[in-house]
2 protein chains.
Amino acid sequence: MARTDERFREAFNALLTICEGLKVGETLPSETQLAAKLEVSRTVVRSVLTRLDNEGVIQWEGRSKTLLRAPRKGDQLATREEGLSSEELEQRFLDWILRFDVPPGTPINVTELARNWNVQQHSLQEFLASLSRFSLVRRRKRGGWELLGFTSDFAIELSDFRTVLELNAVSKFAQLPDDAPIWADLKKLKQEHLELRDQIDTRFHDFSLLDERFHNTIGGVVKNRFTAEFQRVIALIFHYHYQWDKKDEQERNAAAITEHLRLIDALLTRDEPAALAAAKDHLVTSKQTLLASLGIHDFA
Amino acid sequence: MARTDERFREAFNALLTICEGLKVGETLPSETQLAAKLEVSRTVVRSVLTRLDNEGVIQWEGRSKTLLRAPRKGDQLATREEGLSSEELEQRFLDWILRFDVPPGTPINVTELARNWNVQQHSLQEFLASLSRFSLVRRRKRGGWELLGFTSDFAIELSDFRTVLELNAVSKFAQLPDDAPIWADLKKLKQEHLELRDQIDTRFHDFSLLDERFHNTIGGVVKNRFTAEFQRVIALIFHYHYQWDKKDEQERNAAAITEHLRLIDALLTRDEPAALAAAKDHLVTSKQTLLASLGIHDFA
DNA sequence: TTTTTGGTATTTAATTATTTGATACAGAGA
DNA sequence: TCTCTGTATCAAATAATTAAATACCAAAAA
């Protein structure tokens, strides 16, 4: 029990590396400076110094910390590898829900998931708590967590919310000054759409990625942390569904390209009402596709 | 260490209460039924039955559970009282930030706050994790939590986001059918605004509550879990600021009433463009008020 | 004197061992 | 056949514990 000394181990190894850059007889900087350099507290620095002194790598007395011998390979302490980052965890989690069609109401086994994904239980708990703000999971009365996600209600409300955010972005986009660098990006996107349209018979799989970039470009216009947070999750969910719903993929993508181009052209001519109308139509299509893909998976 | 037997204690007391409704010699229902009734697992029911058997309250052998004597007051086990609910925790937390002007970047001492508010450390951790989705707090690299909130950027982005949500709501509102019951609510709100305007000299403090109800009515038109979640937090933050910023309160509130009335009238006449324009103006005022209360006057 | 550094004490946070609680399953009894 | 109990296994919550951070003070150096 009690916390691990991972921090100590990493600091120890880092300080060894610093020692490698020194000659025998040279001295190390002050505890405070070392702490700042290694990004740990002075307490850890002092434990590391004590250990190095015991191992005979340095001689430490008061302020003098003299290198006695060059560090050897065997001096390095074993560290256990890092778990997943919170972004990777998010990916994994959505992947798990969507790929295995985990139905709403399923209890979430924190122990098992943490073990499978090689993350700390604690990290997973925290992640679930943060997801609860999106109403994807909730705490059960008798303890533990429960998956709420991907009912049709959820998908409808998610789509609606996405529409609100994206129409706002389109409106902002159309009002950008003519010298904004983003217009060049948009022209490039148009070009890529045209190319993909011409080769749609063979390259229709590439649309998913282009779609993501397209919507990111639009959404990126709004510099807002709340919007950004939501759009990240929305993008993940839509993207996954497109990825796994292979029905009519080619026609769907061809149609979407046409819709994108209509929106791009409206934006390029600074025709805000036309852009909004095009965006609205496209988002309706997206919503229907998402719902259809849920129907196929036979969600309640 | 290890978890508390709170669940056992509450189930024990509850079963004692059930026993009080029985006569000596009568029998209790099956374990499964008791478990359903007490809303705990069979394991807990069995522990409770074992204890009651030991105490001589019942005789338990296989399927027969016979009441031997009426329960006495002293039989009840002591339970510790409940902590705060998650809504109360949210209130407390915002109250703490806003009232004591906790500056951005402040490290959050989980141990101390949990002690002061009499909540489990674990609950507080979970709450902070959920708040991190709103970028109000974040995990620090070296461990622990850090308050991010209420910078001018935060306030501006929050206001902008609120504007997006609220304009959408106003638009939806204007398109509601004439027989929707909400029109009556709106007329009532108008009446209350008129009354408050006439008595503004003495009752200007009452505006805060009316304002909250007004925006809830507008926002409530959109049935969307994501919107709802955000509007709850937004309302809390704006409401708190109005509550503590007493500068020019009367004029501010009088002006806001006028703006509300303009929006209400536009809605009542189903004039969507006018309603949107009125809402836009009002939200700009709100944004300025929020920023002013933060002590920020110069912003783009 | 002022600033920096090191020694020491105290506080806070992360983690896990342990206990409580939930649940699955087999077999007895109605 | 269905319900109920006994038993075993597994998951979840939490308190104890150790690691790490920080506050404080004195002493040394600038």
Side-chain angles (χ1 to χ4, degrees), chain A residues 1-12 27-36 38-51 60-65 80 83 107-115 119-126 128 139-146, chain B residues 1-12 27-36 38-51 60-65 80 83 107-115 119-126 128 139-146:
Chain A
M1 57 184 131
R3 65 189 294 179
T4 61
D5 57 355
E6 197 58 23
R7 193 145 245 167
F8 166 79
R9 286 162 177 275
E10 280 178 9
F12 184 86
T27 57
L28 288 165
S30 75
E31 294 176 10
T32 325
Q33 283 172 295
L34 283 173
L38 302 177
E39 295 186 297
V40 291
S41 71
R42 260 187 64 222
T43 310
V44 176
V45 170
R46 288 170 66 80
S47 323
V48 170
L49 290 172
T50 308
R51 174 76 170 261
W60 180 31
E61 222 166 312
R63 305 195 170 195
S64 80
K65 295 169 279 283
R80 53 177 171 185
I108 295 170
N109 186 329
V110 174
T111 314
E112 193 190 332
L113 287 183
R115 197 169 39 226
V119 293
Q120 295 271 25
Q121 275 199 26
H122 192 249
S123 318
L124 191 52
Q125 298 270 12
E126 237 165 51
L128 289 174
R139 262 203 167 293
R140 284 191 306 169
K141 259 199 170 162
R142 306 250 214 114
W145 295 88
E146 172 187 343
Chain B
M1 55 185 136
R3 65 188 295 179
T4 60
D5 58 355
E6 199 55 25
R7 196 146 240 164
F8 166 78
R9 287 164 177 276
E10 280 178 10
F12 185 86
T27 58
L28 288 164
S30 75
E31 294 177 11
T32 324
Q33 283 172 296
L34 283 174
L38 302 177
E39 295 187 298
V40 290
S41 71
R42 262 187 62 220
T43 309
V44 176
V45 170
R46 289 170 65 80
S47 321
V48 170
L49 289 173
T50 307
R51 175 76 170 261
W60 179 32
E61 223 168 310
R63 302 193 172 194
S64 79
K65 297 169 278 282
R80 53 177 172 186
I108 295 170
N109 186 331
V110 174
T111 315
E112 193 189 333
L113 288 183
R115 197 171 40 230
V119 292
Q120 296 272 27
Q121 274 199 27
H122 192 249
S123 318
L124 191 53
Q125 297 270 12
E126 238 166 49
L128 290 173
R139 262 204 168 290
R140 283 190 308 167
K141 258 202 167 162
R142 309 254 215 110
W145 294 89
E146 173 186 342

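Just so we're on the same page: letters track the sequence lines, and every chain starts at 1.
- Between the CG atom of Leu128(B) and the C1' atom of dA13(C) there is a distance of 13 Å, given to the nearest Å.
- Glu126(B) has its CD atom 10 Å from the P atom of dT14(D), to the nearest Å.
- Heavy atoms of Leu49(A) sit nowhere under 4.0 angstrom from any nucleic acid atom.
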Requested in this report: Sugar-phosphate atoms are those with a prime plus P, OP1 and OP2; base atoms are the rest. Using that split, label each nucleotide of nucleotides 20-26 of chain C B, S or - for protein heavy atoms under 4.0 Å, 5' to 3'.
Outcome: BSBBB--
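- A 6.0 Å sphere centred on CD of Glu39(B) holds no more than 12 heavy atoms belonging to other residues, nucleotides or ligands.
- Side-chain proximity of Ser30(A) to dA14(C), dG6(C), dA13(D): nearest is dG6(C).
- Between Arg115(B) atom CZ and dT12(C) atom P the separation is 6 Å, expressed in whole Å.
- A donor and an acceptor atom, one from each side chain of Glu126(A) and Ser123(A), are nowhere located under 3.5 Å apart.
- Residue contacts shown for Thr32(B) include a base, since a base heavy atom lies under 4.0 Å away.
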Query raised in the report: Would Arg7(A) and Phe12(A) satisfy side-chain contact (heavy atoms from CB on, under 4.5 Å), going step by step from the backbone distance to the final call?
Result: CA-CA 8 Å; Arg7(A) 193 145 245 167; Phe12(A) 184 86; over 6 Å; no
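- Atom pair Glu146(B):CD and dT12(C):C1' shows a separation of 16 Å (rounding to whole Å applied).
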Query raised in the report: Given the rule in the side-chain contact (heavy atoms from CB on, under 4.5 Å) test, do Leu113(A) and Ile108(A) qualify, once you have shown the distances and angles that lead to the verdict?
Result: CA-CA 8 Å; Leu113(A) 287 183; Ile108(A) 295 170; 3.6 Å; yes
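- Under a 4.0 Å N-O distance rule, the pair Arg139(B)/Glu146(B) does not qualify as a salt bridge.
- At whole-Å resolution of the value, CD in Gln120(A) and C1' in dT16(C) are 10 Å apart.
- Between dA11(D), dT12(C), dT5(D), one nucleotide has an atom nearer to the side chain of Asn109(A) than all others, and that is dA11(D).
- Mapping Pro107(B) and Lys65(B) onto DNA chain D by nearest heavy atom places Lys65(B) at the nucleotide closer to the 5' end.
- Here the nucleotide nearest the side chain of Glu112(B), chosen from dA29(D), dC4(D), dT12(C), is dT12(C).
- Straight-line distance from the CD atom of Gln125(A) to the C1' atom of dA13(D): 9 Å, rounded to whole Å.
- Taking 4.5 Å as the limit, every side-chain heavy atom of Ser30(A) sits out of range of all side-chain heavy atoms of Arg63(A).
- What separates CG of Leu113(B) from P of dT11(C) is a distance of 17 Å, to the nearest Å.
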Query raised in the report: Step by step, would you call Leu28(A) with Leu49(A) a side-chain contact (heavy atoms from CB on, under 4.5 Å)?
Result: CA-CA 10 Å; Leu28(A) 288 165; Leu49(A) 290 172; 4.3 Å; yes
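- Taking side-chain N and O atoms only, Gln121(B) has no distance below 4.0 Å to OP1 or OP2 of dA13(C).
- Atom CZ of Arg63(A) is separated from atom C1' of dA26(D) by 11 Å (rounded to the nearest Å).
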